[in-house]
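Structure record follows, encoded as structure tokens.
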Amino acid sequence: MTQTVPRLLLIDGHSMAYRAFFALPAENFSTTTGQTTNAAYGFASMLINVLRDEDPTHVAVAFDVSRASFRTEQYPEYKEGRAATPDEFKSQIPLIQQILDAMGVGWLTLEGYEADDILATLATQATEAGFETLICSGDRDALQLVNEQVTVLYPVKGVSELSRMTPAAVEEKYGVPPQRYRDLAALVGEKSDNLPGVPGVGPKTAAKWITAYDGLAGVIASADQIKGKAGENLRAHMSDVIRNGQLNKLVTDVVLAKSAGELRWEGWDATATAELFQVLEFVTLQDRLRTQLGQRQIGDIAEVSPVPVVTARLKLLGTGELAAWLSEHATDTTVGLAVEGRFAAGGGGIDAIALAVEGEEAWCDPAAFDGSDEAAWLAWLADADAVKVVHEAKQLLWAAAPLGWKVAGITCDTALAAYLIRPDLRSYGLDVLVERYLGRQLGPVVEEEAQPTLVGLDESGPGEAAATLARRATAVHDLAAVLVKELESHNADELLTDMELPVQRVLADMETRGIAADVAHLSDLAASFAAQAAEAVTDAHAAVDQQFNLRSPKQLQEILFDKLGMPKTKRTKTGYTTDAEALASLFAKTEHPVLAAILRHRDVEKLKQTVDGLLASVADDGRIHTTFHQTVAATGRLSSSDPNLQNIPVRTEAGRRIRRGFVVSQGFDALMTCDYSQIEMRIMAHLSADAGLIEAFNTGEDLHTTVASRVFGVEPGAVDAEQRRRIKAMSYGLAYGLSAYGLSQQLGIKPEEARGLMDEYFDRFGGVRDYLRSVVDEARRKGYTETMFGRRRYLPDLSSDNRQRREMAERAALNAPIQGSAADIMKIAMLRVERALADQGLTSRLLLQVHDELVLEVTGDERVAVESLVREQMSAAATLAVPLEVSVGFGTDWDTAAH
DNA sequence: TAATCTACGTA
DNA sequence: CGTACGTAGATTAC
């Protein structure tokens, strides 16, 4: 498109960004690091639209430097009384400036002047140079600049809709031509600038006067002739009007770094925008740039996907070739090991093996092993001095166990290493880590030259699959070097070597063992729960004389709130909550039988689901093999799934009947449960070094009673049940970042009362308060928290603009060192227990870990020895300022083994 | 079919 | 408006 007349687009950056800030919901626009981006997104979106629609040759954006300007010098009250600019907004201005840089758009600021003055100066220069000018601003002062060559684009709704303020449009809207808009504004005043006008005079009256007396000067000169209340007011507020007129005049001759003619817009930089939009997590804007402003693109989109993993020389080993390869390439060096197969706790197999060292890869199929291969493989695999690095080594351990392979010498598991570096990633997949830490791509090699050199087999063989597995081995090899170095710089390499890697082996063993299930008992339970659930459904339908799905919160809401007209409960995103607490409170108010039936149904249905899940996961060996996940919980805890054996009911009698389905197996005589008592409170006492709390643990009396007696200033014997309950809730809540409001909800008391309780508590246990404060302060300063053993958790949200995110991060910061230290201690305890059992040649064994509890199965003759061993090893797992107490119980099932 | 919401079990 | 998880069914979005 050829343009005869150059066209300059000018934008008031602050004003448009501020509009966007209020137009777009901040909740929907924030990055994973907590940066709010609603204003930046709205601004960028607006800019793209305007550039497309107006097709300018020149562009500039002006920003205010601060609220202070020559106007505040002349009139200190100027713009006073405005609400403080929210931090969530301020932090987005630099983002917008980065967007402008990436889009090749110049931006200007000038100390002592407002953005409007910059725009007025540029518009004036442009007009003199024969430009057309468009000014995009939400500030009405800009209307004074409108003329035949200058149009203001004024936002009507948000920033997506702009109205073209030409001279005719200004005149139609305000009744005066644009060059007299200032006169009108002087009379009417500008509330947002704290410039009061003449009381009782709005735009209509002002326009009438300006027309009648030929401008503001005429109005002032003829003020005596104007009749009525309005005339009186004008005379009384003459000085305001004159001042307004002086202040609202935009300066058209400020000295700028660039003149209008130097603001040519060359186009947007594809690489820069792609990189920036990725950081800001703007998913669609790059596409919009391409489709809407494609002809103004500079450069190609940056290659965002990393280059592939470079594959080294790959040798496909035939039968009888492994021993030679190992001795030639795999001695005195680190070997990346990747295996392919079917992996499951208690089963599986290995179909292919790939090995990688610097510059060399090998692939082999264990099914093709001859005697020499087998011997070489087993010797190398079991050799603790043959250094191996593996990704998710537990799979290898699962598969190795039934094959009778011994595995030693694993110095790094890249998933565990990455978890210790950043424990909050969603995935620790090899592909993710390769991209993140090597800046390369694991996926199939596309480029011809990157193809591996295949040696030894024709292309129709296992070439492709072998290359893929070999690439994984190389990736692990390269990744391990990077991750270990990073860990060492955190002093966290010992956590990998002495904690996570050995724990991984213990977990693999526990998973492989599984725990015996009493299928008949569980089946009976399932049937019984099913019958009770069916009964509850019948009762519920009868109570409301209508069939409905009790599992559907939506239908439940219709019945309760629409049909029965019950009082509304707390809001959820999509309606009103029907959770158990709300239903119970509704029942207390209405005593409607449907509520009792629903609650009963919920209870029994949940139990039934748990039992059904357990039954479905009983393996052929009659045992349940859970999977413990070592890289899921950001605090360092384990998690359990398929099935989750860390959330088996225990609080109710019906729930405990499920625990009776976990039983001791043949060859053993009892299940043994071993709990740390109050481990998190003990860690809190240790970390805070609060003398009172430490003392409370050392009295040997009930902890909560002792603490309550201090808080309430009574003898321990005089602490009543309610006092103890409150203190117990408070103590536990502290480690979660409990607020006074939360505590009041928990205890069913008023927030003020909860506040008072907290104050009393902290008066007696000031060390706890100091500790909790210092944890958050330090985390904010360093960016991460640390457990007693140096396990880090990064919390970037501690500096988020978003209050909700920030406060959530603060609570996480309070909790992470406590929960995490407890997790570390339990991991150490598991290692010590496992080692002591082995050292003493005992057959009793670990089966489960439930955060602060271990479940073992023991033989009758080992029972005494194992109890003393476990007590000793768990208690000695860490040395704290208070003792680590362990309680132990035995039984033929998990419930009766509880104590 | 996949993602999200609501609800609820554990430490 | 108390942390950390996993699972399930219903519902909604694609």
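Here is how names work: the chains are called A, B, and so on, in the same order as the sequence lines, proteins then strands, and each is numbered from 1.
Taking atom NZ of residue A:K608 and atom P of nucleotide B:dA7, one finds them 21 Å apart after rounding to whole Å. Rounded to whole Å, the distance from CG on A:D852 to P on C:dA4 is 18 Å. Rounding to whole angstrom units, NE2 of residue A:H601 and C1' of C:dA8 are separated by 13 Å. Distance A:Q555 CD to C:dA10 C1': 9 Å, rounded to the nearest Å. In this structure, A:L556 atom CG and B:dC8 atom P are separated by 10 Å, rounded to whole Å. Atom P of nucleotide B:dT6 and atom CD1 of A:I598 are separated by 18 Å, given to the nearest angstrom. When rounded to the nearest whole Å, the span between CD1 of A:I624 and P of C:dT7 equals 13 Å. Between the CG atom of A:N647 and the P atom of C:dA4 there is a distance of 17 Å, given to the nearest Å.
The side chain of A:K573 approaches B:dT6 more closely than any other nucleotide in the set B:dA7, B:dT6, C:dA4. Considering only the side chain of A:K554, C:dT11 comes nearest among C:dT11, C:dT3, B:dG9. The side chain of A:P649 lies closest to B:dT10 when the candidates are C:dT7, B:dT10, B:dT6. Ranking B:dT6, C:dT3, B:dT10 by closeness to the A:N815 side chain, first place goes to C:dT3.
Distances shorter than 4.0 Å separate some side-chain N or O of A:T572 from OP1 or OP2 on B:dT6. Regarding contacts with the backbone of B:dG9, every side-chain N or O of A:R651 stays at 4.0 angstrom or more from both OP1 and OP2. Residue A:S552 has a polar side-chain atom (N or O) positioned under 4.0 Å from OP1 or OP2 of C:dT11. Regarding contacts with the backbone of C:dC1, every side-chain N or O of A:R811 stays at 4.0 angstrom or more from both OP1 and OP2. Between A:T574 and the phosphate of B:dC5, there is no side-chain N or O to OP1/OP2 separation shorter than 4.0 Å. Between C:dT11 and A:R551, no contact under 4.0 Å exists linking OP1 or OP2 to a side-chain N or O. A close approach under 4.0 Å does not occur between any side-chain nitrogen or oxygen of A:N549 and OP1 or OP2 of C:dG9. Within the 4.0 Å cut-off from OP1 or OP2 of C:dG6, not a single side-chain nitrogen or oxygen of A:S641 is found.
At least one side-chain heavy atom of A:L743 sits under 4.5 Å from a side-chain heavy atom of A:M730. Side-chain atoms of A:Y736 and A:L814, non-hydrogen and from C-beta on, never get closer than 4.5 Å to each other. Side-chain atoms of A:T578 and A:Q557, non-hydrogen and from C-beta on, do get closer than 4.5 Å to each other. You'll find the side chain of A:R726 reaches within 4.5 Å of the side chain of A:E753, heavy atoms only.
Across all strands shown, A:K606 has heavy atoms under 4.0 Å from base atoms, whether or not it also approaches the sugar-phosphate. Among the protein residues, A:R803 comes within range of no part of the nucleic acid, since none of its heavy atoms lies under 4.0 Å from any strand. Using a 4.0 Å heavy-atom cutoff across all strands shown, A:L638 reaches no nucleic acid atom at all. Contact annotation for A:A634: backbone-only contact, meaning every heavy-atom pair under 4.0 Å involves sugar-phosphate atoms and none involves a base. At the heavy-atom level, A:S744 lies nowhere under 4.0 Å from the strands shown. Within 4.0 Å (heavy atoms only), A:G742 reaches sugar-phosphate atoms of the nucleic acid but no base atom. Among the heavy atoms of the strands, none lies under 4.0 Å from A:T610. Among the protein residues, A:A580 comes within range of the sugar-phosphate backbone only, with heavy atoms under 4.0 Å from sugar or phosphate atoms but none that close to a base.
Nucleotides B:dT4 and C:dG2 place their P atoms 25 Å apart, quoted to the nearest Å.
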Margin query: Show, in sequence, the C-alpha distance, side-chain angles and deciding distance for A:R571 and A:Y576, and conclude whether the side chain to side chain contact (heavy atoms under 4.5 Å, CB included) test is met.
Written below: CA-CA 4 Å; A:R571 277 216 69 104; A:Y576 300 94; 3.2 Å; yes
Could you check A:Y771 against A:L734 for side chain to side chain contact (heavy atoms under 4.5 Å, CB included), going step by step and ending with a plain yes or no? CA-CA 11 Å; A:Y771 164 70; A:L734 284 178; over 6 Å; no
Passes side chain to side chain contact (heavy atoms under 4.5 Å, CB included), A:V594 versus A:L560? Steps please. CA-CA 9 Å; A:V594 74; A:L560 298 180; 4.2 Å; yes
message: Walk me through whether A:Q630 and A:K394 qualify under side-chain hydrogen bond (donor to acceptor under 3.5 Å, both in side chains).
response: CA-CA 10 Å; A:Q630 217 174 337; A:K394 203 163 73 181; 5.3 Å; no
Could you walk me through whether A:E88 and A:R803 satisfy the salt bridge (Lys or Arg N to Asp or Glu O under 4.0 Å) test, starting with their C-alpha distance in whole Å, then the side-chain angles of each, then the deciding distance to 0.1 Å, before giving a yes or no?
CA-CA 9 Å; A:E88 287 91 336; A:R803 195 170 74 119; over 6 Å; no
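Checked by distance alone, A:Q609 brings no side-chain donor or acceptor within 3.5 Å of a matching partner on the base of C:dG9. With hydrogens and angles left out, the side chain of A:R602 and the base of B:dA7 share no donor-acceptor pair within 3.5 Å.
If you check C:dG2 for Watson-Crick or wobble pairing at under 3.5 angstrom, you find it has no partner at all. With both pairing distances under 3.5 Å, B:dC5 is matched to C:dG9 as a Watson-Crick or G-U wobble pair.
Residue whose closest nucleotide on DNA chain C sits further toward the 5' end, between A:P423 and A:G613: A:P423.
A heavy atom lying under 4.0 Å from DNA chain C marks none of the residues of residues 890-899 of chain A.
Heavy atoms only, all atoms of each residue included: A:R656 and A:R651 are closest at NH1-O, 3.2 Å.
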